[in-house]
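Following: one structure in structure tokens, then a few remarks.
In what follows, every chain begins at residue 1, and chains take the letters A, B, ... in the order their sequences are listed.
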There are 4 protein chains.
Amino acid sequence: MSSASTPVRVAILGASGYTGAELMRLLLRHPHVRITALTGERAAGKPVAEVFPHLAPYDLPALTRIADVDWTGVDFVFCGLPHGTTQEVIAALPAHVRICDLSADFRLFDVATYAEWYGHAHKAPVLQETAVYGLAEMARDQVAGARLVANPGCYPTASLLPLLPLLRQGLIAGDDIIIDAKSGVSGAGRDAKQGSLYCEVAEGMHAYGIASHRHAPEIEQSLGWAAGRTDLRVAFTPHLIPMNRGMMATTYVRLKDGATAADLRATLEQTYAGEAFVKVLSPGVGPQTRHVTGSNLALINVFPDRIPGRAILVSVIDNLMKGASGQAVQNFNIMHGFDETLGLDVIPVFP
Amino acid sequence: MSSASTPVRVAILGASGYTGAELMRLLLRHPHVRITALTGERAAGKPVAEVFPHLAPYDLPALTRIADVDWTGVDFVFCGLPHGTTQEVIAALPAHVRICDLSADFRLFDVATYAEWYGHAHKAPVLQETAVYGLAEMARDQVAGARLVANPGCYPTASLLPLLPLLRQGLIAGDDIIIDAKSGVSGAGRDAKQGSLYCEVAEGMHAYGIASHRHAPEIEQSLGWAAGRTDLRVAFTPHLIPMNRGMMATTYVRLKDGATAADLRATLEQTYAGEAFVKVLSPGVGPQTRHVTGSNLALINVFPDRIPGRAILVSVIDNLMKGASGQAVQNFNIMHGFDETLGLDVIPVFP
Amino acid sequence: MSSASTPVRVAILGASGYTGAELMRLLLRHPHVRITALTGERAAGKPVAEVFPHLAPYDLPALTRIADVDWTGVDFVFCGLPHGTTQEVIAALPAHVRICDLSADFRLFDVATYAEWYGHAHKAPVLQETAVYGLAEMARDQVAGARLVANPGCYPTASLLPLLPLLRQGLIAGDDIIIDAKSGVSGAGRDAKQGSLYCEVAEGMHAYGIASHRHAPEIEQSLGWAAGRTDLRVAFTPHLIPMNRGMMATTYVRLKDGATAADLRATLEQTYAGEAFVKVLSPGVGPQTRHVTGSNLALINVFPDRIPGRAILVSVIDNLMKGASGQAVQNFNIMHGFDETLGLDVIPVFP
Amino acid sequence: MSSASTPVRVAILGASGYTGAELMRLLLRHPHVRITALTGERAAGKPVAEVFPHLAPYDLPALTRIADVDWTGVDFVFCGLPHGTTQEVIAALPAHVRICDLSADFRLFDVATYAEWYGHAHKAPVLQETAVYGLAEMARDQVAGARLVANPGCYPTASLLPLLPLLRQGLIAGDDIIIDAKSGVSGAGRDAKQGSLYCEVAEGMHAYGIASHRHAPEIEQSLGWAAGRTDLRVAFTPHLIPMNRGMMATTYVRLKDGATAADLRATLEQTYAGEAFVKVLSPGVGPQTRHVTGSNLALINVFPDRIPGRAILVSVIDNLMKGASGQAVQNFNIMHGFDETLGLDVIPVFP
């Protein structure tokens, strides 16, 4: 465990996006962290106050280019660069630096699958072999010893938390998993895109990436591990919802071996009994995204379906927290032997 | 057909709710309609301008109590009363008055099913036998001759438009239909309920009535007819989305007999080829609720699923229009032999 | 007056923005219009369905480049190009084409003022001299005979409707007019800008262009005319509000000569008594933007202030309608001697 | 100063509203507080999890009726009861209990003014004489020694922070202060009112209580003190904005004695130089409500006006924080000699 008296010196690469801001919000209150570098290629030279006025009152370094970071002053990197640009940057980091990567670049362990979904060969396949998929509650031991943690995607986190324990225990069928997922707009990032404009997003909703979203293979990879098969395929439909934050997965599963929805709920309750961040709600209570806003919590529950032999799983997270920066800090804590909740004891903000 | 020179004299019962306002918006522009009575028990005596300031510039009668309506001046009633209160009111209407009922009171044709879901015996079972379920595109001939049309619910309309033709033609399985539905907040009505407050609804989402929503038996009734069975059950999960209007159904189906998603799409295209209000989008284009706002349009499409042998149906409507008042006017037009689009040629308002 | 049997052939330049979509929505229902050309430099070649899916069901020409328009098939141009690019385009139009320009390019009649606020010399000063400022209710006669109408900005329209009659009649002071204005996000246009992203706009508000917004000199120009002075200056603070449409001006004025708020209200009532689109609400009733959404209406009212000798004017419009495309169609109607409400009898959509 | 080892035992009266939830969020993280009682007359008997599901994971007492509170276990009361019901409740509290009252009941020190605006005689005039108006930055010494602090209203807080120092120093005129204020919807409370429904509030805005809002006399009371006069009147127009949280005041002032906007800004910078929660932004930077969401911060700035001799003040707060519960905790800290930021070091949540 790191000594509390020597803070971990942290750099955030790609700090000008929403996950970057969220990391700063959390790490500014982390007792064992000192933020020593923030990068943003286009925003290099600007103070944080200009990029994120809500952080103006806090003491933070100005943004720089990655090329200008002094790595001797950095122990740990949170990497929030766009997908595809991350591999070469991380491969070039000095050996003493440990990394939690929030991009998708190191999440798919089969580089052929990566190439298929991302349209180019993986640029750091050797590094890929050392990466750990950091779904924190499921991979604590591996995360603790890793140099490079691939922080899970928001949709996979929301989907896998209820599904993995159930599939691993053989309570649900693996060939009939239907995930209808919904996300707030911050998941689309801070780049200026017409599709993310207020007028294109507010007061309406739609599905996107139907049966073709890149989080599908990520979900299938974990479920396949749990089920012991490589050909597992899920129905996965993400929807864009007019809200800043929040993510919900409504998942339809077929029960195995006479299992009931109550059995599923009991299993999840048992699995997550000691967890700080994953809560199984009381029977019949439906999770709402607004009840986790700003926090690292995941709320889940199980409901019987009207179709005999089926059940419905509901899970919600804050996509920027447990779905990104919150889980990244949780992984950071695990990697350093810190209490997992350090920097994360943020109570949800409602309304 | 009614003569264009003699307008149909229309009363709207329960005119102080959102569907009432929408009916006024449409009927004020209908060339063959004169609105002669508006009722609202609590708002009786008030001018429309007070209840709906956006209608202040238009010439409309003040609200009255139902008991005070002079039925000799009314040819047709749109009934937008709360569920459960409608049966006795409609049963008491004079015989010359034809009715389009927007409540759920006459939608379930098995009075035992009604009693099970609504918690009391049906109060007008004889009248129920004469009612026609007015999913307009599916029941034109019956609607044309009906005295009492039960206007379909919003969720059933959005769900059934893509499902019914596919099930009737045996292209999809009837025992594995999963409807993940999403609605704007106006579907919850205008009554002052804490759960509908801005602060309880904005910037978040949740499922409600999971596997227990009253629109499930309504959907199952129509699908059961199409499939020729009475025990058909669907998974149906409604979600509340922070937007005024809009409804979306993402429906997961199992294909039969080697059918493909493309076959499904072709069938829907053929079914709705001549329809004014139902549009099958180009292959791959996802419907968005914001593209039908304010109009009577339904947009649908079909997508292949990642799970072999499955497909995904997507359909959107404006819940207050095709999901309520718009379809009611469409049925009114059919009942009078008018062009179906009269009063309904409203182009969607975007953004 | 144009003959009803020969439709006016209309081109919309810059049709891929929100005002373009709004013009299409209105003109598609205009009995004397045929849309023969739509331009969009970046979207050239695309069908409208791709640029504006909500217009997919309607019969419209594909987008082209301005250079490719056949002007022999065009009688009238609505010009919705970005500010600054319009002057040369309009100057190059053939003489038989009449124009309603929705940009700011021809609104400031003093070319020096134009140069000061827009940072470059006016490129069509001769044409500028022929332009008419089309605040429809105030300039009908001039508009009727104009070849080129400069359609007023949204903020000036909302502000001037209540102010002009009061200033002209000497009821309020000209040196102490304070306009606190608020706009929905569609006023910022459809270009992909970070500042217009949902996450940068929703759930918050701010002022912008404080004492430096380009609509200030436009407002001052008209007020100066009314007051007979050239040095009139107003306080004008626009705010960005998280809503798609809607504009409100809360205007604080000093009363002259013992005038009262009731006097002001009576004067406005008299001024707008016969107007189809401008309504003075009943005493004490506050205008709301949501009550004009989608319509060409302006609602105004006057309130006494707590500070003796002052009054408060409140006015609301839909910024895309009376604030842009609606007023443009109104001007088009005036220019052709049509009934002013043709294409504009759209009832507000609420909620 | 209270000993850190013995926590202050706190009761929150009226805990089922939004300010109650916010107090819990803050006090749960306060190192010297233990929440021992929560009251809610209608919600009595319910666990917090049912009233505020976002607080379900935290250890809090169930709600009770006020009559059932054991006052021997309470050192301090935060009172968030509806206006008008508070006086008798507070008057009946045992003498050892200190109070921060978030209602308006003890804010107006002239009981005649209270009676005029609230429609009934003050029920605890003797207690009123002991109350301190807790605009924290302005009244620290009095607050420190008070038994009963009247926590300022949200609008007065936002308005007075920039105005008070300027008026006190004679930089602005007192007879021409125009406050155009804007509030998020949570300011309207959690009661089920039609006017607060999502569909009545979203996608639109309006002014309310024009020249008749109860915060006007509260603002005038403080400004009158600063100016040394009792007849000071302000123009004050509140607007309802479709956002959960956030409050903004755009205030138009007349400069005195050759003062400039820069002078005003310098004065505010000096006044608030050492403050933890009030920040004067860099010249030209406009405060945005979204940059203080969830925090106790107030951001202010000053801009020159186009009208010579005038300036514009802009201030933003989170209405539930610095405008209510945050300032209440700040006052609590002052009353106990704690560091003023205890429980309040919450970084704004954006987006």
Side-chain angles (χ1 to χ4, degrees), chain C residues 175-178 180-182 184 197-212 216-217 220 232-237 239-248 250 252 254 261 284 286-293 301 303-308 310-312 314 316 350-351, chain D residues 175-178 180-182 184 197-212 216-217 220 232-237 239-248 250 252 254 261 284 286-293 301 303-308 310-312 314 316 350-351:
Chain C
D175 56 358
D176 193 12
I177 294 172
I178 294 165
D180 192 280
K182 299 92 175 172
L197 294 180
Y198 181 90
C199 291
E200 307 284 325
V201 168
E203 286 298 308
M205 67 164 295
H206 61 279
Y208 64 101
I210 302 173
S212 62
E220 291 165 354
L232 188 148
R233 293 290 173 270
V234 296
F236 171 62
T237 314
H239 298 76
L240 191 65
I241 307 295
M243 55 189 188
N244 280 309
R245 292 166 180 248
M247 172 157 287
M248 179 166 182
T250 313
Y252 302 86
R254 203 172 70 242
Q288 307 199 10
T289 65
R290 59 181 64 75
H291 295 150
V292 300
T293 303
N301 213 344
F303 298 83
D305 196 346
R306 277 179 69 70
I307 303 180
R310 300 193 65 95
I312 303 172
V314 179
V316 302
F350 170 84
Chain D
D175 55 359
D176 194 13
I177 295 173
I178 293 165
D180 192 281
K182 298 92 174 172
L197 294 179
Y198 181 91
C199 291
E200 307 285 324
V201 169
E203 287 297 311
M205 69 166 295
H206 61 281
Y208 64 101
I210 303 173
S212 63
E220 290 165 355
L232 188 148
R233 294 290 173 271
V234 296
F236 171 62
T237 314
H239 298 74
L240 191 65
I241 307 294
M243 56 189 187
N244 280 309
R245 292 166 180 250
M247 172 159 287
M248 179 167 186
T250 313
Y252 301 87
R254 202 172 72 241
Q288 307 199 8
T289 65
R290 59 181 65 76
H291 295 148
V292 300
T293 302
N301 213 344
F303 298 83
D305 196 345
R306 278 179 69 69
I307 303 181
R310 302 193 64 95
I312 303 171
V314 179
V316 302
F350 170 85

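Each of C:Asp180, C:Thr250, C:Ile241 was checked for a side chain to side chain contact (heavy atoms under 4.5 Å, CB included) with D:Lys182, and the lone residue meeting it is C:Asp180.
Summarising the geometry of C:Ala211 relative to D:Pro304, their closest heavy-atom pair is CB-O, 3.3 Å, with the distance given to 0.1 Å. Considering every non-hydrogen atom in both D:Pro242 and C:Glu203, the closest pair reads O-OE2, 4.3 Å. Across every non-hydrogen atom of C:Asp176 and D:Asp176, the tightest pair is OD2-OD2, 4.4 Å.
For the pair D:Arg290 (side chain) and C:Val201 (backbone), a donor-acceptor distance under 3.5 Å is present.
Rounded to the nearest 0.5 angstrom, D:Arg306 CZ and C:Ile178 CD1 are separated by 14.0 Å.
Listed options C:Phe236, C:Phe350, C:Tyr208 were ranked by heavy-atom pairs under 4.5 angstrom with chain D; first place goes to C:Phe350. Residue with the most contacts toward chain D among C:Arg245, C:His291, C:Arg233: C:Arg233 (heavy-atom pairs, distance under 4.5 Å). When D:Ala235, D:Gly184, D:Pro351 are compared by the number of non-hydrogen pairs under 4.5 Å with chain C, D:Ala235 comes out ahead. Per-residue heavy-atom pair counts under 4.5 Å with chain D were compared for C:Val234, C:Thr293, C:Val314, C:Ile312, and the maximum is reached by C:Val234. Listed options D:Arg310, D:His206, D:Glu200 were ranked by heavy-atom pairs under 4.5 angstrom with chain C; first place goes to D:His206.
For chain D, the nearby parts of C:Met205 are the backbone and the side chain; heavy atoms of each come within less than 4.5 Å. Proximity to chain C is limited to the backbone of D:Ile177, based on heavy atoms less than 4.5 angstrom apart. For C:Leu240, no part lies near chain D; criterion is any non-hydrogen pair under 4.5 Å.
Between C:Tyr252 and D:Thr237 the shortest side-chain heavy-atom distance falls below 4.5 Å.
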